Amino acid sequence: MEYFKKLEENPYADFYWNVPEVKQGKINIVGGNAQNFRTPVKIAEFMGAKYPVKDVSLVLPDALKEKLPELPDLTFLKSTESGSFADEGELARVFEAADFNILIGDLSRNKITEKAIVGAVRDSEKPLIVTRDAVDAFAEECSEESLMREGLMIFGSMPQVQKIFKAVYYPKMLLLSQSLVQVADALHKFTLSYPATIITLHAGQILVAKDGEVVAVPLEKSGYSPIMIWGGEMAAKIAILNLYNPNNFLKASVAAIFA
């Protein structure tokens, strides 16, 4: 299995040398709904404090306008009645205005938001990582067209990635009961069919798959627990390393996983 590597040490540590000392670049943190916007705010604060990003912009549905003040780094977009994103055109334009985007989740579940997310992902050409419950929303309306673009990264649990497989009727099975080698084989074949980068957790290994290549990193090497890995901070680290190492989706993501 030449396409599958298990790593104990970071072979791409030099990618951190490309993180600039002077602030540059723009990242959008996109998510939230009328009842919950904690994670987008937390991750925006985390990125602004820890990394040299010139512009960390928080993008929320306008149902939150009365709860938050107008700020230069805060953008409100049209929301549904349930208080989540409603317009794929607005979302796509926001994605295009940044160098990198994190669709962080805390979304309300409804068809309008799900269609808006998939449409915006499809129509935008800027790099984007979809994570947490945003993966579920994306999977509900996922199409082959939305997966057929460079720069899309899906960071989700095995059941969430399984939903992506099912959404496009992919013939290869992906099951929690499978061995690490079987899952790596499924991700190998899937990422040969679609240019999206897939990042997931299975059998104590964080798996990164892109263009048929699959890399496994032990979870303990990341410094995160099986629960903490989904909190949003790792997705932010992956976004940063990809922002400053463009077009190296697999290597930059693997570098970001190591603590």
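Computed from a predicted structure; not experimentally measured.
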Kindly compute the distance separating OG1 (Thr131) from CD1 (Ile238), expressed to the nearest 0.5 Å. 8.0 Å

Strictly distance-based, threshold 3.5 Å: is any side-chain N or O of Asn248 a donor or acceptor partner for the main-chain N or O of Lys251? no

Considering residues at least two apart in sequence or located in another chain, which fulfil the side-chain hydrogen bond (donor to acceptor under 3.5 Å, both in side chains) criterion with Lys172? Asp185

If we ignore hydrogens and angles and just use 3.5 Å, is the side chain of Asp62 paired with the main-chain N or O of Ser79 as donor and acceptor? yes

Using atom types as modelled and distance alone, determine if a side-chain donor or acceptor of Gln24 lies under 3.5 Å from a backbone N or O of Val53. no

Is it true that a side-chain atom of Lys237 and a backbone atom of Ala256 form a donor plus acceptor pair closer than 3.5 Å? yes

For Tyr51, check ring-ring contact (aromatic ring centres under 6.0 Å, His included) against everything at least two apart and list the hits. Phe46

Under a 3.5 Å distance rule, please check whether Glu45 uses its side chain to pair with a backbone N or O of Lys42 as donor and acceptor. no

Please list all pairs passing the ring-ring contact (aromatic ring centres under 6.0 Å, His included) test where one or both residues lie in residues 131-162, with sequence neighbours left out. Phe155-Trp230

Backbone N/O of Phe85 and side chain of Thr113: donor-acceptor pair under 3.5 Å: yes

State, to 0.1 Å, how close Glu145 and Arg122 come at their nearest heavy-atom pair, and which atoms those are. CD-CD, 3.3 Å

So Val56 and Ile29, do their side chains get closer than 4.5 Å, heavy atoms only? yes

Pairwise distance CG(Asn28) to CZ(Phe100) - rounded to 0.5 angstrom: 11.5 Å

Distance from Leu243 atom CG to Ile129 atom CD1, nearest 0.5 Å? 12.5 Å

To the nearest 0.5 Å, tell me how far Ile198 CD1 sits from Leu147 CG. 7.0 Å

Backbone N or O of Arg109 within a donor-acceptor pair of the Glu114 side chain at under 3.5 Å? no

Would you confirm whether Tyr170, through its side chain, and Phe190, through its main-chain N or O, come within 3.5 Å as a donor-acceptor pair? yes

Ser82-Ser84 side chain donor-acceptor pair, cut-off 3.5 Å: no

Side-chain donor or acceptor of Asp106 paired with backbone N/O of Thr39 under 3.5 Å: yes

Return yes if some donor-acceptor pair links the side-chain N/O of Asp133 with the main-chain N/O of Asp136 below 3.5 Å, else return no. no

